[in-house]
Amino acid sequence: MRYLVSVIDDKSNPGSTDRRPAISVFNERLIAEGYWVFSGGLADTDEATVIDNRGEQAVFSDGPFVESKEYLAGVWVWEAPDLDVVLKLAAEASKVCDRKIEVRPFQ
């Protein structure tokens, strides 16, 4: 099963900025053990654009879809046999990247 593993940062109490080397080592382990599908860091929410094309014309607005002190800073997609494996890896990921992690299975 595949899982979306979201990295959550906090504008008022951000995680450490020097975590990239440790995250790279963690990613290499995920790849070697067959869990890694995809990962990527995201630009700051100030660079976001929201598009709503549910009406007659598309409406484009600057900024994130919701203003919050917490925001999505990056994602992993992992493949694992069950949630227990993913939760264990997610606990390690939180320590490695010094941020909160949210785990959600794909349907």
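Quick caveat, the model's predicted, so the values are computed rather than measured.
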Chemist: Please report the interatomic distance OH(Y35) to CG(N27), rounded to the nearest 0.5 Å.
Modeler: 14.5 Å
Chemist: Does K11 come within less than 4.0 Å of D44, counting only side-chain N to carboxylate O?
Modeler: yes
Chemist: What distance separates F26 CZ from S39 OG, expressed to the nearest 0.5 Å?
Modeler: 10.5 Å
Chemist: Determine, using the 4.5 Å side-chain heavy-atom cutoff (strictly less than), whether W78 and V96 are members of one ILVMFWY cluster.
Modeler: yes
Chemist: To the nearest 0.5 Å, what is the distance between CZ on F65 and CG on D52?
Modeler: 13.0 Å
Chemist: Where is the tightest heavy-atom contact between G15 and D9, given as atom of each residue plus distance?
Modeler: N-OD1, 3.0 Å
Chemist: Would you kindly confirm whether L87 and V5 end up in one hydrophobic cluster when ILVMFWY residues are joined by side chain heavy atoms under 4.5 Å apart?
Modeler: yes
Chemist: Do V7 and Y71 belong to the same hydrophobic cluster, where Ile, Leu, Val, Met, Phe, Trp and Tyr are linked whenever their side-chain heavy atoms lie under 4.5 Å apart, directly or via other members?
Modeler: no
Chemist: For residues V59 and I51, determine if any side-chain heavy atom of one lies less than 4.5 Å from a side-chain heavy atom of the other.
Modeler: no
Chemist: Using a strict 4.0 Å threshold on nitrogen-to-oxygen distance, state whether E33 and R29 make a salt bridge.
Modeler: yes
Chemist: With side chain to side chain contact (heavy atoms under 4.5 Å, CB included) as the test, pick out the partner of Y3 among V77, L89, L83.
Modeler: L83
Chemist: Please answer: with hydrophobic residues joined when any side-chain heavy atoms are less than 4.5 Å apart, are L30 and V25 in the same cluster?
Modeler: no
Chemist: Going by heavy atoms in the side chains, are V37 and R2 under 4.5 Å from each other?
Modeler: yes
Chemist: Search all heavy atoms of I23 against all heavy atoms of C97 and return the closest pair with its distance.
Modeler: CD1-CB, 3.6 Å
Chemist: Taking the side chain as every heavy atom from C-beta outward, state whether W76 and F38 have any pair of such atoms under 4.5 Å apart.
Modeler: no
Chemist: Nearest 0.5 Å, please: how far is NZ in K95 from CZ in R19?
Modeler: 9.5 Å
Chemist: Of the non-hydrogen atoms in A58 and N53, which two are nearest, and what is the gap between them?
Modeler: N-OD1, 3.3 Å
Chemist: Determine, using the 4.5 Å side-chain heavy-atom cutoff (strictly less than), whether V50 and V66 are members of one ILVMFWY cluster.
Modeler: yes
Chemist: Contact between I101 and I8 at the side-chain level, heavy atoms closer than 4.5 Å - yes or no?
Modeler: no
Chemist: Could you tell me the separation between the CG atom of N13 and the NZ atom of K69, rounded to the nearest 0.5 Å?
Modeler: 8.0 Å
Chemist: Spell out, as yes or no, whether a donor-acceptor pair under 3.5 Å connects the side chain of S94 to the backbone of A90.
Modeler: no
Chemist: Could you grab the distance from atom CG of L4 to atom CD of E102, nearest 0.5 Å is fine?
Modeler: 7.5 Å
Chemist: For D18 and P21, which heavy atoms make the closest approach, and how far apart are they?
Modeler: O-CD, 3.6 Å
Chemist: Okay, side chain of D98, backbone of S16: is any donor-acceptor separation there less than 3.5 Å?
Modeler: yes
